[in-house]
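In what follows, a single structure is set out as structure tokens and then discussed.
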2 protein chains.
Amino acid sequence: MPNNQFKRGELYSFITGVASTAIARRLQKNFKTNGVEITIEQWSVLYHLWKQDGVNQQELCNATFRDKPSITRLVDNLEKLKLVRRVSSKEDRRRNLIFLTETAKKLQDQSMDLANQTLNEALEGVPSADIELCKSVLQKVYDNLK
Amino acid sequence: MPNNQFKRGELYSFITGVASTAIARRLQKNFKTNGVEITIEQWSVLYHLWKQDGVNQQELCNATFRDKPSITRLVDNLEKLKLVRRVSSKEDRRRNLIFLTETAKKLQDQSMDLANQTLNEALEGVPSADIELCKSVLQKVYDNLK
DNA sequence: TCGAATTAGTTGCATAACTAACAATATGCC
DNA sequence: GGCATATTGTTAGTTATGCAACTAATTCGA
């Protein structure tokens, strides 16, 4: 029964399922119990906007590894929540530049603290060198496939 | 701008976004171009059933790290595709035992080959020891949070 | 300069995720 | 035996994902 055919599949389960869903669920839960009323997907978009806003949707696609329709809808929902606004670019009218609202700016510190707490919990007992190596393996996987 | 607040968040992006979505998309694409007409989520359920069928939905939840409604619907869709059937357990009538159909059994070899191919592509150039370490880090993350 | 190709974003459709609330069955304690 | 509790699975509602097809704006080349 420990069929050779399954060995790589186990790895697939690990990479795509185990750790990412566990972290995502815990982070979502921590947001909720602390009154941060956004989804983790919305957070992952805000995360890039806190570093720099006024970028277009395509740049958010690249930064978050999502396709264009996904970003269109995430920005739709963030706009409904009055956390971002779309501003049409004057240089290239095809582009929407995405800006944070004051409300969104106020969310940054609290939600980043919760994210860091969650990741510290997640990574407790894992040496920094292992974390870095793991990150480089995942980056390599991404580069191989993109 | 390379704010200390963001360091752990990068790792979050890597674990939840980069590698898992890249592998998932590539695998889905490889399924499609080879005429395997199932989603990767359906495949991940079949994957466990190929190892052993006749298990109940709760066991599939544990094996695939999904919640119960997700498994209910995945099994619904697999049943529509005539790949599995639900059989009520005689010992405990709350339980649905999930069995593979002949059609599903025929899918195993081809889809596992495609999955292995995809993972070989994904992991090309990554030493086995690094893969094992990466897997153990992800397992540790899961154990820390579950 | 005009038409083809490219780029940015949106919409429709199907599938899948999580939460919460629920029904049915089983278990366990008194 | 009977009631509280736990377990198994479903349904409803919202959000998110991927693909395909589409519009609008820009760029590039003959």
Side-chain angles (χ1 to χ4, degrees), chain A residues 16-18 20-33 37-46 55-81 83-84 86-98 145, chain B residues 16-18 20-33 37-46 55-81 83-84 86-98 145:
Chain A
T16 66
V18 182
S20 62
T21 58
I23 296 180
R25 267 178 244 172
R26 178 64 61 93
L27 184 51
Q28 184 72 73
K29 194 173 167 186
N30 287 350
F31 277 174
K32 186 157 197 181
T33 56
E37 299 294 342
I38 54 176
T39 68
I40 46 164
E41 290 83 5
Q42 290 165 3
W43 178 81
S44 78
V45 173
L46 291 176
V55 300
N56 68 19
Q57 296 187 192
Q58 183 58 53
E59 289 174 286
L60 289 176
C61 294
N62 301 337
T64 62
F65 311 102
R66 288 182 171 84
D67 66 359
K68 287 193 291 182
S70 297
I71 290 297
T72 293
R73 275 148 189 154
L74 280 169
V75 173
D76 285 349
N77 286 336
L78 286 169
E79 224 175 13
K80 271 189 227 156
L81 294 169
L83 293 171
V84 305
R86 286 177 166 98
V87 178
S88 187
S89 166
K90 286 176 185 170
E91 289 76 42
D92 184 341
R93 288 186 309 164
R94 293 170 304 179
R95 299 186 179 187
N96 295 332
L97 306 182
I98 313 300
L145 294 181
Chain B
T16 65
V18 183
S20 62
T21 58
I23 296 181
R25 268 178 245 173
R26 178 64 62 93
L27 184 51
Q28 185 72 71
K29 195 174 167 184
N30 287 350
F31 277 174
K32 186 159 196 179
T33 56
E37 299 294 342
I38 54 176
T39 67
I40 45 164
E41 290 84 4
Q42 291 165 4
W43 178 80
S44 78
V45 173
L46 292 176
V55 299
N56 69 17
Q57 297 187 194
Q58 183 57 52
E59 289 173 286
L60 290 176
C61 293
N62 300 338
T64 63
F65 311 101
R66 289 182 172 84
D67 65 0
K68 287 193 291 182
S70 298
I71 289 296
T72 292
R73 268 145 193 157
L74 280 169
V75 173
D76 286 350
N77 286 336
L78 286 168
E79 225 175 13
K80 270 188 228 157
L81 294 170
L83 293 172
V84 305
R86 286 178 166 99
V87 177
S88 186
S89 165
K90 286 177 184 171
E91 288 76 42
D92 183 341
R93 287 187 310 165
R94 291 171 306 179
R95 298 186 179 188
N96 295 332
L97 306 183
I98 312 299
L145 294 182

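Naming convention: chains lettered A, B, ... in sequence-line order (proteins, then strands); numbering from 1 in each chain. Remember, it's a predicted structure, so these values are computed and weren't measured experimentally.
With dT17(D), dG9(C), dA25(D) as the choices, the nucleotide that has an atom nearest any side-chain atom of Arg93(A) turns out to be dA25(D). Of all nucleotides listed (dA17(C), dA16(D), dA20(C)), dA16(D) comes nearest to the side chain of Gln42(A). Distance from the side chain of Ser70(A) is smallest for dG18(D) among the nucleotides dG18(D), dA8(C), dT7(D).
Of the side-chain N and O atoms in Asn77(B), one or more sit less than 4.0 angstrom from OP1 or OP2 of dA16(C). Considering only side-chain N and O atoms, Lys32(A) lies under 4.0 angstrom from the phosphate OP1 or OP2 of dA20(C). Within the 4.0 Å cut-off from OP1 or OP2 of dT11(C), not a single side-chain nitrogen or oxygen of Thr72(A) is found. Checking the phosphate oxygens (OP1, OP2) of dT15(C), no side-chain nitrogen or oxygen of Gln28(B) falls inside 4.0 Å. A sub-4.0 Å separation between OP1 or OP2 of dT7(D) and a side-chain N or O of Gln57(B) is absent. Distances shown here put a side-chain N or O of Arg66(A) below 4.0 Å from the OP1 or OP2 atom of dT17(D). A sub-4.0 Å separation between OP1 or OP2 of dA8(C) and a side-chain N or O of Arg95(A) is present. OP1 or OP2 of dT14(D) has not a single side-chain nitrogen or oxygen of Lys80(A) nearer than 4.0 Å. Phosphate contact (OP1/OP2 of dA14(C), side-chain N/O of Thr39(B), threshold under 4.0 Å): absent. Distances shown here put a side-chain N or O of Arg25(B) below 4.0 Å from the OP1 or OP2 atom of dG18(D).
For the side chain to side chain donor-acceptor pair (under 3.5 Å) test with Asn62(A), the passing option among Arg66(A), Glu59(A), Gln58(A) is Gln58(A); the others fail. Among Val45(B), Leu74(B), Asn96(B), the one residue that satisfies the side chain to side chain contact (heavy atoms under 4.5 Å, CB included) test with Gln57(B) is Asn96(B).
Nucleotide dT15(D) holds its P atom 11 Å from the CG atom of Leu78(A), rounded to whole Å. Atom pair Lys68(A):NZ and dA20(D):C1' shows a separation of 12 Å (rounding to whole Å applied). When rounded to the nearest whole Å, the span between CD of Glu41(B) and C1' of dG18(D) equals 10 Å. One atom, CD of Glu59(A), and another, P of dG9(C), lie 9 Å apart when rounded to the nearest Å. Nucleotide dT15(D) holds its P atom 15 Å from the CD atom of Glu79(A), rounded to whole Å. Distance, Arg94(B) CZ to dT27(C) P: 6 Å, rounded to whole Å. Following rounding to the nearest Å, Ile71(A) (CD1) and dA8(C) (P) show an atom-to-atom distance of 14 Å. Asp76(A) places its CG atom 11 Å from the P atom of dT15(D), with the value rounded to the nearest Å.
Between the Glu79(B) side chain and the Arg86(B) main chain, a donor and an acceptor come within less than 3.5 Å of each other. Side chain of Glu37(B) to main chain of Phe31(B): no donor-acceptor pair is present (N/O by atom type, distance under 3.5 Å, no hydrogens or angles).
Looking at heavy-atom distances under 4.0 Å, Leu74(A) makes contact with sugar-phosphate atoms alone, never a base. Among the protein residues, Asn56(A) comes within range of the sugar-phosphate backbone only, with heavy atoms under 4.0 Å from sugar or phosphate atoms but none that close to a base. Across all strands, Asp92(B) comes closer than 4.0 Å only to sugar-phosphate atoms, never to a base (heavy-atom distances). Using a 4.0 Å heavy-atom criterion, one finds that Arg73(B) contacts the bases of the nucleic acid, with or without backbone contacts as well.
The shortest distance between side-chain heavy atoms of Leu83(A) and Asn77(A) does not fall below 4.5 Å. Looking at heavy atoms from C-beta onward, Ser70(B) lies out of side-chain contact with Glu41(B) at the 4.5 angstrom threshold.
Where Asp67(A) and Asn96(B) each meet DNA chain D at their nearest nucleotide, the meeting point lying more 5' is that of Asn96(B). Where Arg86(B) and Lys29(B) each meet DNA chain D at their nearest nucleotide, the meeting point lying more 5' is that of Arg86(B).
For the residue pair Leu81(A) and Gln42(A), the shortest heavy atom distance occurs at CD1-OE1, 3.5 Å.
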